[in-house]
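Naming: A, B, ... by sequence-line order, numbering from 1 per chain. As the structure is a computational prediction, the values presented were derived from the model and not from experiment.
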Amino acid sequence: MKRTHHCNELRADHAGKTVTLVGWVHSRRDLGGLLFIDIRDREGRTQTVFDPSDLPKEICDQAAALHSESVIEVAGLVRQRPQGTENSKIPTGQVEVMVKQFTVLNHADVLPFPVDDPEIASKVNEELRLKYRYLDLRRPEMARNLRLRSKVATATRVYLDDQGFLEVETPTLFKSTPEGAREFLVPSRIHPGQFYALPQSPQQFKQILMVAGVERYFQLARCYRDEDLRADRQPEFTQVDIEMSFIDREDLYALIEGLLKRVWKTALNMDIPTPFKRISFEEALNRYGIDKPDSRIGMELNDLTDDFRSSTFKVFSGTIAAGGVVKAINAKGLACATQGQIETMTEYAKSFGAKGLAFIKVEGGEWKSPIVKFFSEAEKTALKSKLAIEEGDLILFAADQWLNACEILGKIRLYCAEVLKSQGKLTIDPTRFDFMWVVEFPLLSFDKEMNRWYSSHHPFTAPVTEDIPLLKTDPKKVRGQHYDVVVNGVELGGGSIRIHQPDVQKTIFEELLQIPAQETQERFGYMLEAFRYGAPPHGGIALGFDRLVAILCGTTSIRDVIAFPKTAKGTCLMTDSPAPVTPRQLRDLHIDVRAAKKEAPPAAPAV
RNA sequence: GGGGGUGUAGCUCAAUUGGUUAGAGCGCUGCCCUGUCACGGCAGAGGUUACGGGUUCGAGUCCCGCCACUCCCGCCA
C-alpha cells in the first residue's frame with residue numbers, strides 16, 4: 001500500500017495519471033449501476049467511480065455494501081469529469097478517479113452519530129461526542145481545531161527560540177505546596193505514606209531555573225489543579241510558561257505582544273496592533289466591574305457617589321455614609337426587559353451579596369421605577385447627564401462597598417450584554433480582539449474570616465519598588481508588579497516580576513502571610529536558600545494555551561481544542577476514568593480506601 | 001457543596017389541559033435505479049420516554065428521589 005496523493009490533491013492536470021488514494025468512505029451514492037464513493041482523508045475528499053462495465057461484479061457489490069467511515073484503498077485512473085458533472089463545491093470537483101483496484105482496509109459498523117453532516121454533527125450531544133471522541137475528531141471543525149493548535153504551538157516555539165529562550169522540562173512529580181489550588185496527589189510506593197503532588201504550575205522550578213542561569217526559559221507545560229471545572233477550566237491544562245532574568249515589566253510586555261502578534265498572524269493571518277493598552281486594576285473595576293474587562297460591549301460603570309451623598313433615598317446615602325459607593329450602568333435599549341429578567345438580575349446580584357438591584361426603565365417618556373420618587377431634581381439631572389439616558393434605556397444601580405458594588409455591576413453588565421446579543425441589539429464583530437494589560441493589582445488582599453492577608457497572585461510577586469516601605473505600615477496600599485493580559489474579557493495569562501531578595505521574601509512569608517518560620521522553611525526553604533546563592537532579578541508569565549487556542553478557533557469551550565478533555569465532573573467518557581484499582585495496587589502503595597465502593601456496572605452484553 | 005438547563009427511536013427533534021396504538025427527518029435493513037455529489041423511488045424494522053418510586057380511571061406530561069451531560073456560584077495562591 002502506498003498512497004500516491006492525498007484526497008485534496010488531484011486537479012484537472014492530473015488527468016490520465018494512475019493514482020492510489022486511501023481514506024474513509026465519506027459518502028456513497030449508488031445509482032444501481034454506477035457507484036460513486038467520496039473518499040476522505042484529513043486533507044479533503046475526492047470522488048471515485050465504480051463502473052460495472054469496467055469492474056468485476058464482486059468488487060462493485062463489495063463497494064456498494066460499505067458503511068460510511070469504512071477505510072478503503074482505491075487505485076485507478078484520474079480523469080476529467082464529463083461535462084456538466086463537475087462539482088464546484090469541492091476543490092477536487094473537476095476530476096474523479098475511475099477505480100481499477102479496491103481494498104477494504106477496515107469495515108466500519110454503523111456509526112453512533114453522523115460524522116459527515118456538519119449541520120447535525122455540531123448539535124450532537126456532547127456526552128456522545130466525548131465517548132466516541134475519535135469520531136468527533138474526524139469532523140472537519142474539530143480536525144481544524146487540532147491543526148490550528150499544533151500550528152500555534154509551533155509558532156510559539158519558533159518565536160521564543162528566535163528570542164533566545166530555552167525549552168526546559170520540569171518535573172510532573174512534585175511536592176505538595178498546600179496553598180492555592182487543590183492538588184492531585186500521587187502516592188509513593190517506595191516511601192510509604194508519602195506523596196508527590198502534580199504541579200499546579202512549574203512556578204517554583206522556573207524561578208529556580210533563573211537562579212540556575214538559564215536567563216530565558218519557556219515550556220508548553222502541563223499543569224494540574226483538582227478544582228471544579230468550567231467551560232474554560234479543565235483539571236489538566238496547558239500553559240505557555242515563560243520566565244526571564246534581568247528584565248522589568250516593559251521587557252515582558254514587549255515580548256508577549258510580539259508573541260501574540262506572531263500567533264495571530266500565523267493562525268488567522270491578522271495583524272493585531274501593539275502595544276496593547278494598559279489599565280490599572282482600580283480603573284478596570286471602576287469602569288468595567290471586573291479585572292478582565294470586555295471592552296467591546298460598552299455600558300461602562302458610572303460613579304454617582306457624590307451625587308447621592310446627601311440624598312433622601314437612604315439606601316444610597318446610608319451606604320455612602322458607611323464608606324460605600326453608588327454606581328450605575330446604562331443598559332442601552334433594555335427597557336423592554338421583562339419582570340422575569342429583572343428578577344433574574346436581582347437574584348444574580350443578590351448571589352454576589354447585593355441587597356437588591358435598583359433600576360429605572362425609561363419607557364414612553366417616563367422613568368418607571370420603584371425608587372425614582374425618592375430622587376430630587378438635581379439627582380435626576382445628574383443621572384440623566386452622567387448616564388446619557390434616552391428612551392428605551394434600563395438603568396441599574398449598585399450601592400455597596402467599592403469592590404462589591406463594582407463586581408456586582410460588572411456581572412450584571414455581562415448579563416445585559418448576553419440579553420442584548422440574544423435580542424439582536426448588540427452585535428460584536430467576530431474578528432475584533434481587544435487586547436489589554438491589566439496592571440497594578442494590589443499585592444495582598446485581606447481575608448476577613450481568616451483575619452489574615454493573602455497574596456492576590458502568589459507569594460513570589462514583587463511589590464512595586466516605591467511601595468516596599470508600605471509593606472510594614474499599610475499593606476493594603478502595596479501594589480504588586482503583577483500583570484494580566486486580557487482579550488475580549490478573557491484572562492489569557494498573568495505573571496509578575498518576582499521577588500529575588502531573600503529578606504523581602506521572608507517578610508512576605510512570615511510577617512504578612514503569617515506562615516510560621518518553620519513551615520516556610522519546610523515548604524519553600526529550597527527557594528529561599530537558592531536566593532542566597534546569586535539570584536538574578538527575574539520575572540515571567542504564563543499564558544493559558546487552551547484558552548488562547550479556543551479564542552483563535554472562535555469557541556468558548558476549551559473542550560473543543562483539547563483532544564481528549566474531561567467532563568464537568570472530571571471524568572473521561574471514552575476510557576471511563578477515574579476507575580477503581582486492584583487491591584494489589586493499593587497494597588503496593590500502602591493505601592486503604594475508605595470510600596464506599598461504587599457498584600460494579602453490569603457486564604456489557606455480548607456483541 | 002449550592003442554583004439553573006437538558007435527557008423521548010442509532011442521531012436531531014415533535015407530541016395541545018394528564019387522554020386513542022408516542023410521531024417526523026436523517027440513519028439502518030430489503031428491493032429498484034448507469035452521472036450522482038443532501039442522488040432518487042418503493043417497502044420495512046427500530047421505543048423500559050435516563051433510572052426508581054408516587055398521585056391518578058389514565059403519566060412522556062404532575063409530585064418525590066436518583067443518575068448522566070451542561071452552564072453558573074463557591075473554588076481556581
Query raised in the report: Which part of the nucleic acid does A:Arg40 contact within heavy-atom distance under 4.0 Å: base, sugar-phosphate only, or nothing?
Result: nothing
Query raised in the report: How would you list, by chain and number, every residue that makes a salt bridge (charged side-chain N to carboxylate O under 4.0 Å, His left out) with A:Asp30, sequence neighbours excluded?
Result: none
Query raised in the report: With a 4.0 Å cut-off on heavy atoms, is A:Gln203 in touch with a base, just the backbone sugar-phosphate, or nothing at all?
Result: base
Query - Phosphate contact (B:rU36 OP1 or OP2) by A:His26 side-chain N/O below 4.0 Å - result: no
Requested in this report: Figure out the CD/P separation between A:Glu418 and B:rG5, and round it to whole Å.
Outcome: 18 Å
Requested in this report: In whole angstrom, give the distance that lies between atom CG of A:Asp116 and atom C1' of B:rC28.
Outcome: 14 Å
Requested in this report: Could you check A:Gly33 against A:Pro459 and say which one's nearest nucleotide on RNA chain B is further toward the 5' end?
Outcome: A:Gly33
With a 3.5 Å cut-off and sequence neighbours excluded, list the donor-acceptor pairs that the side chains of residues 82-90 of chain A form with protein atoms.
from    : atom 1 : to      : atom 2 : distance (Å)
A:Thr85 : OG1    : A:Pro82 : O      : 2.6
A:Glu86 : OE1    : A:Gly84 : N      : 3.1
A:Asn87 : OD1    : A:Lys89 : N      : 2.9

Query raised in the report: Which residues satisfy the side-chain hydrogen bond (donor to acceptor under 3.5 Å, both in side chains) test with A:Thr170, sequence neighbours excluded?
Result: A:Gln219
Requested in this report: Round to the nearest Å and state the distance from A:Leu10 atom CG to B:rC37 atom P.
Outcome: 21 Å
Report summary line: Sorted by chain and residue number, the salt bridge (charged side-chain N to carboxylate O under 4.0 Å, His left out) partners of A:Arg452 (sequence neighbours excluded) come out as none
Query raised in the report: Which pairs count as side-chain hydrogen bond (donor to acceptor under 3.5 Å, both in side chains) when at least one residue sits in residues 52-67 of chain A, sequence neighbours excluded?
Result: A:Asp51-A:Ser53, A:Asp54-A:Lys100, A:Lys57-A:Asp61
Taking only nitrogen or oxygen atoms into account, show me every contact under 3.5 Å that the protein makes with nucleotides 8-10 of chain B, one pair per line with its distance.
from   : atom 1 : to       : atom 2 : distance (Å)
B:rG10 : O2'    : A:Pro112 : O      : 2.7

Requested in this report: Could I get the full list of salt bridge (charged side-chain N to carboxylate O under 4.0 Å, His left out) partners for A:Glu407, not counting sequence neighbours?
Outcome: none
Query raised in the report: For B:rU36, what is the paired nucleotide under Watson-Crick or G-U wobble rules, both distances under 3.5 Å?
Result: none
Requested in this report: Quick one: list whatever passes side-chain contact (heavy atoms from CB on, under 4.5 Å) with A:Ser122, sequence neighbours left out.
Outcome: A:Arg139
**Report entry** Contact pattern, 5' to 3', of nucleotides 39-47 of chain B - B, S or - by protein heavy atom under 4.0 Å
**Finding:** B--------
Query raised in the report: Where along nucleotides 69-76 of chain B does protein come under 4.0 Å, by heavy atom, of base (B) or sugar-phosphate alone (S), with - for untouched nucleotides?
Result: SSSSBBBB
Query raised in the report: Among all residues two or more places apart in sequence or in another chain, which pass the side-chain contact (heavy atoms from CB on, under 4.5 Å) test with A:Glu236?
Result: A:Arg222, A:Tyr224, A:Lys566
Query raised in the report: If you pin A:Lys123 and A:Val49 to their nearest nucleotides in RNA chain B, which one's is more 5'?
Result: A:Lys123
Query raised in the report: When you check the gap from the basic side-chain N to the acidic O, do A:Asp560 and A:Arg129 get nearer than 4.0 Å?
Result: yes
Report task. List in chain and number order the residues that pass salt bridge (charged side-chain N to carboxylate O under 4.0 Å, His left out) with A:Asp467, two or more places apart in sequence or in another chain; answer none if no residue qualifies. Result -> A:Arg479
Query raised in the report: For A:Gln204 and A:Arg523, does a side-chain donor sit closer than 3.5 Å to a side-chain acceptor?
Result: no
Query raised in the report: Just checking A:Glu96: base, sugar-phosphate only, or nothing, at a heavy-atom cut-off of under 4.0 Å?
Result: base
Query - Closest to the A:His67 side chain, choosing from B:rU34, B:rU29, B:rC37 - result: B:rU29
Query raised in the report: Is A:Ser455 touching bases, backbone alone, or none of the nucleic acid, heavy atoms closer than 4.0 Å?
Result: sugar-phosphate
Query - Sugar-phosphate only, base, or nothing, as touched by A:Gln234 at under 4.0 Å among non-hydrogen atoms - result: nothing
